[in-house]
Peer 1: 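Have a look at this one before I ask anything.
Chain identifiers are assigned alphabetically (A, B, ...) following the order of the sequence lines, protein sequences preceding nucleic acid strands; residue numbering begins at 1 within each chain.
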Protein chains: 2
Amino acid sequence: MAEKPSRRDQILTAAAELFARHGFHGVGIDDIGAAVGISGPALYRHFRSKDAMLGEMLTSISERLLDGGQARVDAAASADEALRALIGWHVDFALDDPALITVQMRNLANLTDPDRRRVRALQRRYVEVWVETIRRTVPEFDEPTARAAAHAVFGLINSTPHSAHLDRDQMAALLSRMALASLTPVVVTS
Amino acid sequence: MAEKPSRRDQILTAAAELFARHGFHGVGIDDIGAAVGISGPALYRHFRSKDAMLGEMLTSISERLLDGGQARVDAAASADEALRALIGWHVDFALDDPALITVQMRNLANLTDPDRRRVRALQRRYVEVWVETIRRTVPEFDEPTARAAAHAVFGLINSTPHSAHLDRDQMAALLSRMALASLTPVVVTS
DNA sequence: CGGGGAGGTTAGCAGCCGTTTACCTAGTCG
DNA sequence: CGACTAGGTAAACGGCTGCTAACCTCCCCG
């Protein structure tokens, strides 16, 4: 079933690609229209404004990340397994939607104030899932350290768009291994 | 000696801060002027254009990164020490100039064509320094893998601006440990 | 059959923003 | 002392861009 994507979704994915490549302000309304075969102001039949596109894009990413991450953690049997599942989840997301990940990293500042608040709240909750999971497997990390470590792992995994030299599976394996290793630096070489 | 910074440098650091926070297109010429106490078009006494500011900013970062990295590697006695030195160098840079690092990560696309070529060439050479160093300490990585790993480590270290919750020294220690651990995942738990 | 909504189109406006211009000071130096 | 320069100002211009307006055309459904 070819799951025909709604016009809105077509527009959002095209816009994400463009925003990722040129930045929010670097993309014109006409560019987005052209990318989906319609031209210019026709977009206003589907979105209230250009800001609204970015807003919807980022809130939907943030919700998907949070929900998926939470689900993986809840389904895990042990703390260790939870961490692996979380890493795998984020790696898959970053590899499957590099444009979305890039936009989420770079274009938070271009959001409208209420949108930014919403997105930040979602992101904070996602980070919190990570912080708890990390602290369960690496008890010697205090909370601020775990938070900083979580951000560092995000940076590591989200580097994906800048290095597509490996194929998907190798990349997933590499990133997962590196992420996991970076979080267990204290495995004493006995 | 209070090393009074030249006007040009004042402008560049102020502009870097603004570009990092709002993105290149999100900052007006008047904003930059205001940030250094002069207003608007006075900047054109010091720079040919707004693009020229970004160009000079990014080439100078890239040169500093490359030169410093190369120097550290050359000064190192062993491969292992070279890797540690390289990590330390990049961590120090990212912690001391978070704005510059952010601009370099996000605003490559806003460069003028010749500037982008120059910067990319410098960045490639810097990555190459990392790739060689990594391969000397982790021989089981082939070249593409080492390159991808280098990018991942950059992402890890450059995550600094998004998490200033720790003080400088703790942050440096954490990032260095994580970076090093991520690159030696094969320390078999004997 | 006939009318209304969904989804296009082009033309045009309004505002922003990078850049140029013309002008005005202080210093500096022959 | 007079002239040139470095560095600043405010005003104006021109192009780009987000958005609106007016209009057109299917398609569906009573």
Peer 1: Verify side chain to side chain donor-acceptor pair (under 3.5 Å) between H22(B) and N110(A), making sure each step is shown before the conclusion.
Peer 2: CA-CA 7 Å; H22(B) 307 289; N110(A) 301 121; over 6 Å; no
Peer 1: Just how far, in rounded Å, is P of dC17(C) from CD1 of I29(B)?
Peer 2: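 I29(B) atom CD1 is separated from dC17(C) atom P by 11 Å.
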Peer 1: In whole Å, what is the span from the CD1 atom of I38(B) to the P atom of dT25(C)?
Peer 2: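 So the CD1-P distance, I38(B) to dT25(C), works out to 18 Å.
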Peer 1: How many Å lie between CG on D30(B) and P on dC17(C), as a whole number?
Peer 2: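 Taking CG of D30(B) and P of dC17(C), I get 8 Å after rounding.
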Peer 1: Report the distance from atom CG of L43(B) to atom P of dT9(D), rounded to the nearest whole Å.
Peer 2: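 After rounding, the gap between these two atoms is 9 Å.
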Peer 1: Can you name the closest pair of heavy atoms from D115(A) and G55(A) and give their distance?
Peer 2: OD2-CA, 3.5 Å
Peer 1: With a 4.0 Å cutoff (strictly under), does any side-chain N or O of H46(A) reach OP1 or OP2 of dG8(C)?
Peer 2: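 Checking dG8(C) against H46(A), a side-chain N or O does come within under 4.0 Å of OP1 or OP2.
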Peer 1: Rounding to a whole Å, what distance do you find between R48(B):CZ and dT19(C):P?
Peer 2: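 Atom CZ in R48(B) sits about 11 Å away from atom P in dT19(C).
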Peer 1: Report yes if the side chains of L58(B) and R116(B) come closer than 4.5 Å at any heavy-atom pair, otherwise no.
Peer 2: no
Peer 1: If only side-chain N and O atoms of H25(A) are considered, is one of them under 4.0 Å from the OP1 or OP2 phosphate oxygen of dC17(C)?
Peer 2: no
Peer 1: Round to the nearest Å and state the distance from M53(B) atom CE to dC17(C) atom C1'.
Peer 2: 13 Å
Peer 1: Can you confirm whether M53(A) sits close enough to I32(A) that some side-chain heavy atom of one is under 4.5 Å from a side-chain heavy atom of the other?
Peer 2: yes
Peer 1: Rounding to a whole Å, what distance do you find between H22(A):NE2 and dC16(D):C1'?
Peer 2: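 My rounded result for the distance is 17 Å.
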Peer 1: Rounded to whole angstrom units, what separation is found between the CZ atom of R45(B) and the P atom of dT21(C)?
Peer 2: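 Going from R45(B) (CZ) to dT21(C) (P), I get 11 Å.
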Peer 1: Under 4.0 angstrom, heavy atoms only, what part of the nucleic acid is V27(B) near: base, sugar-phosphate, or nothing?
Peer 2: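 Sugar-phosphate, no base atom in range.
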Peer 1: Can you tell me if R7(A) touches the phosphate of dG8(C), counting only side-chain N or O atoms and a distance under 4.0 Å to OP1 or OP2?
Peer 2: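 Indeed, a polar side-chain atom of R7(A) lies that close.
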Peer 1: Relative to the 5' end of DNA chain D, which residue comes earlier, P41(A) or G26(A), by the nucleotide with the nearest heavy atom?
Peer 2: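 The residue mapped nearer the 5' terminus is G26(A).
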